[in-house]
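A short write-up of the structure that comes next.
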Amino acid sequence: MDQTVAPILDAMADYQQSHRYGFSPPGHRQGRGVDPRTLRVLGRDPFLDDVLAAGGLDDWHTSNGYLEHAEELMADAVGADHAWFSTCGSSLSVKAAMMAVAGGDGSLIVGRDSHKSIVAGLIFAGVQPRWVSPQWDAARHLSHPPSPRQLAEAWDRHPDAAGALIVSPSPYGTCADLRSMAEICHARGKPLIVDEAWGAHLPFHEDLPTWAMDAGADLCVVSVHKMGAGFEQGSVFHLQGDLVDKDRLAECADLLMTTSPNAMVYAAIDGWRRHMVDRGHELLSGAMSLAHGLRADVEAIDGLEVMHDELLGESASHDLDVLQVLIDVSGAGNSGYQAGDWLRRHAHIDVGLMDHRRILATQSFADGVDTTRRLLGALSQWRTAADTFDKPAEIRLPAPSEIELDSVMLPREAFFGPVESVPVAQAAGRIAAEQVTPYPPGIPAVVPGELLDDAVLEYLRSGVQAGMHLHDPADPELRTIRVVAR
């Protein structure tokens with residue numbers, strides 16, 4: 001296919017040049033009705049481009065097929081059979097994938113290191129999770145993706161599962177052995193779904209971890225806004241082979257998708273695909289070179305450890321995206337929460353995530369020497385200030401065996417059934433009715449339907465006191481928690 005074209009972008013340019021006007025949504029009428037105070041911040045251009053995808057950019061019959069053409073170009077660019085764009089993020093895309101494979105009364109083998117959006121998919125679709133544990137580094141309190149052996153053992157325990165769902169790369173940039181996992185699933189005639197939200201860039205450079213389609217996965221979901229150049233909420237899901245029904249997948253996505261998609265999100269995905277085909281290899285080569293230099297420079301700062309070798313190995317991860325620069329700050333006597341908060345407050349720099357001992361600096365192909373120097377300068381200033389900080393609050397870190405809760409009820413049944421709020425001190429032994437997720441990275445410590453224990457509750461409560469942000473619970477301070485009513 002001609003990868004030099006961008007059909008949605010071209011249609012948007014034509015819309016503007018033809019001076020088209022719609023007596024239809026959006027009601028701001030290309031910015032005419034927007035408050036001048038708003039325009040001073042946002043400018044007029046976003047409103048000029050905010051038009052209906054159907055009945056504006058294209059006609060109501062979508063006769064020109066702009067979106068369909070753009071999706072075909074994306075599939076061709078990355079070697080998938082089919083691609084679909086989403087303006088509701090990978091959170092929607094992964095739910096559609098789960099519904100298409102196991103919706104109704106099915107079950108899925110799911111990595112317990114999954115993002116909260118996957119838990120939401122379990123609830124929406126009524127899917128029974130057959131959890132496969134991540135690999136745990138107990139000393140660093142860090143999880144790695146499950147191994148192929150663990151996946152095979154999960155299939156032996158649950159041969160009737162409709163498929164398997166694995167997260168790779170993780171939010172830390174660590175990657176599973178997807179090729180072996182795909183072979184394990186296909187030997188049983190079952191599909192492998194990959195939540196590859198952090199891997200949109202992987203198809204465009206051979207020195208990055210193998211992307212899911214090249215590894216043989218059947219269905220994968222990528223967030224263009226994370227490691228690509230799309231707007232927030234821009235996502236693509238890719239399909240290959242015949243183990244997942246293409247039409248059912250499209251129908252499931254349509255059930256969840258907004259009927260008013262933002263054409264600018266589509267256009268940005270379209271333009272990013274063209275850019276990657278044209279210059280992606282060159283840009284990503286530069287980004288990886290810059291990241292290697294950044295890693296060495298950060299490592300030279302006293303008390304900081306840039307994690308690499310300890311993330312890889314037989315009992316760790318299969319591969320690593322070096323653009324995810326994971327920095328252990330515990331040698332400086334600080335927690336990641338303290339370091340991240342200081343960087344935001346005093347250096348006006350935000351990091352990708354922070355936890356009890358680490359911060360993550362995500363590098364992009366858009367970064368340059370100027371941005372990495374700014375980060376290094378900020379880290380050096382923080383390191384000087386860190387000597388004056390109070391000792392970080394203690395977080396009671398459970399052992400891997402304690403943090404893996406027993407699933408005793410379908411997440412859907414626990415979430416939608418009768419619930420009550422109880423003090424956390426009285427919650428051990430009760431069944432959770434809400435998910436509790438330290439965010440970022442957004443991996444739930446508690447999933448509806450799991451049997452609560454003191455170790456996990458103490459970990460979460462002490463984490464809140466140390467600066468952890470809990471995204472989901474009705475009581476974000478976790479003084480109380482919602483459980484299944486007796």
Side-chain angles (χ1 to χ4, degrees), residues 94 109-116 118-119 129-155 164-185 192-199 202 208-212 215 217 220 226-227 295 305-330 336 352-362 395 397-405 437-445 447 456 459:
V94 77
I109 294 174
V110 184
R112 187 54 185 83
D113 57 341
S114 293
H115 188 265
K116 58 174 285 185
I118 292 175
V119 175
R130 305 299 187 187
W131 297 117
V132 54
S133 299
Q135 300 179 97
W136 281 99
D137 182 336
R140 295 179 175 83
H141 201 73
L142 181 71
S143 68
H144 296 278
S147 68
R149 176 185 56 79
Q150 289 174 297
L151 178 61
E153 291 171 350
W155 275 117
L165 196 167
I166 297 296
V167 177
S168 180
S170 75
Y172 296 100
T174 54
C175 300
D177 184 356
L178 295 180
R179 194 178 303 279
S180 296
M181 290 180 161
E183 291 172 356
I184 288 167
C185 292
L192 173 63
I193 307 167
V194 180
D195 180 350
E196 203 171 43
W198 285 96
L202 300 185
L208 290 166
T210 304
W211 100 286
C220 80
K226 283 186 169 71
M227 296 299 290
R295 285 169 167 271
E305 177 188 9
V306 180
M307 302 185 71
H308 186 278
D309 292 348
E310 52 276 284
L311 298 175
L312 299 169
E314 183 71 23
S315 300
S317 293
H318 177 71
D319 206 347
L320 176 68
D321 181 0
V322 296
L323 297 183
Q324 302 284 19
V325 183
L326 185 61
I327 306 168
D328 191 325
V329 303
S330 60
L353 63 81
M354 48 193 178
D355 64 19
H356 68 289
R357 62 185 292 173
R358 290 168 289 262
I359 59 174
L360 179 75
T362 296
I395 301 179
L397 301 172
S401 59
E402 295 175 315
I403 204 169
E404 294 179 2
L405 302 176
T437 308
Y439 207 93
I443 299 170
V447 169
V456 167
Y459 158 63

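The analysis underlying the following values was restricted to heavy atoms, covering all of them including side chains, and did not include hydrogens, waters or symmetry mates.
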What I'd like to find out is whether the side chain of His144 reaches to under 4.5 Å of the side chain of Tyr172, using heavy atoms alone. no
Closest non-hydrogen atoms of Leu151 and Cys185, given as atom of the first, atom of the second and distance, are CD2-SG, 4.1 Å
Val456 versus Ala445, closest heavy-atom pair with distance: CG1-O, 4.1 Å
Would a distance-only check, ignoring hydrogens and angles, find a side-chain to backbone donor-acceptor pair under 3.5 Å from Gln150 to Pro148? no
Trace of the side chain to side chain contact (heavy atoms under 4.5 Å, CB included) decision for Val194 with Trp211: CA-CA 10 Å; Val194 180; Trp211 100 286; over 6 Å; no
Asp113 side chain near Ser133 side chain, heavy-atom distance below 4.5 Å: no
The reported gap from CD in Glu305 to CG in Leu326 (rounded to nearest 0.5 angstrom) is 9.0 Å
My understanding is that only one of Leu320, Leu178, Val322, Asp319 makes a side chain to side chain contact (heavy atoms under 4.5 Å, CB included) with Pro209; could you say which? Asp319
Could you walk me through whether Ile166 and Asp195 pass the side chain to side chain contact (heavy atoms under 4.5 Å, CB included) test, one step at a time? CA-CA 6 Å; Ile166 297 296; Asp195 180 350; over 6 Å; no
Do you know which two heavy atoms are closest between Ser114 and Val167, and how far apart they sit? CA-CG2, 3.7 Å
Distance, nearest 0.5 Å, that separates CD1 of Ile109 from CH2 of Trp155: 4.5 Å
Do you know which two heavy atoms are closest between Arg357 and Ser330, and how far apart they sit? NH2-OG, 3.5 Å
Quick one: sort the His141 and His356 rings into parallel, tilted or perpendicular, breaks at 30° and 60°. perpendicular
Is there a side chain to side chain contact (heavy atoms under 4.5 Å, CB included) between Gln324 and Trp198? Walk through the geometry before answering. CA-CA 10 Å; Gln324 302 284 19; Trp198 285 96; 3.2 Å; yes
Closest non-hydrogen atoms of Pro398 and Tyr459, given as atom of the first, atom of the second and distance, are CD-CB, 3.5 Å
Applying the side chain to side chain contact (heavy atoms under 4.5 Å, CB included) test to Leu165, which of Val94, Val132, Leu192 qualifies? Val94
How about Met307 and Val325: do any of their side-chain heavy atoms sit closer than 4.5 Å? no
For Glu404 and Trp136, run side chain to side chain donor-acceptor pair (under 3.5 Å): C-alpha distance rounded to whole Å, both residues' side-chain angles, the deciding distance at 0.1 Å, then the answer. CA-CA 11 Å; Glu404 294 179 2; Trp136 281 99; 3.0 Å; yes
Can you tell whether the side chains of Arg179 and Glu183 come within less than 4.0 Å, N to carboxylate O? no
With side chain to side chain donor-acceptor pair (under 3.5 Å) as the criterion, how do Gln135 and Ser315 come out once you've worked through the C-alpha distance, each side chain's angles and the decisive distance to 0.1 Å? CA-CA 7 Å; Gln135 300 179 97; Ser315 300; 5.2 Å; no
Is Val329 close to Met354 at the side-chain level, that is, under 4.5 Å between some pair of heavy atoms? no
One should read off an interatomic distance between Ser170 OG and Leu311 CG, to the nearest 0.5 angstrom, of 8.5 Å
Just to verify, which of Ile359, Thr362, Leu360 counts as forming a side chain to side chain contact (heavy atoms under 4.5 Å, CB included) with Leu353? Leu360
Contact summary for Ser168 and Cys175, nearest pair of heavy atoms: OG-CA, 3.3 Å
Would you indicate whether the side-chain heavy atoms of Asp321 and Met227 approach each other to under 4.5 Å? yes
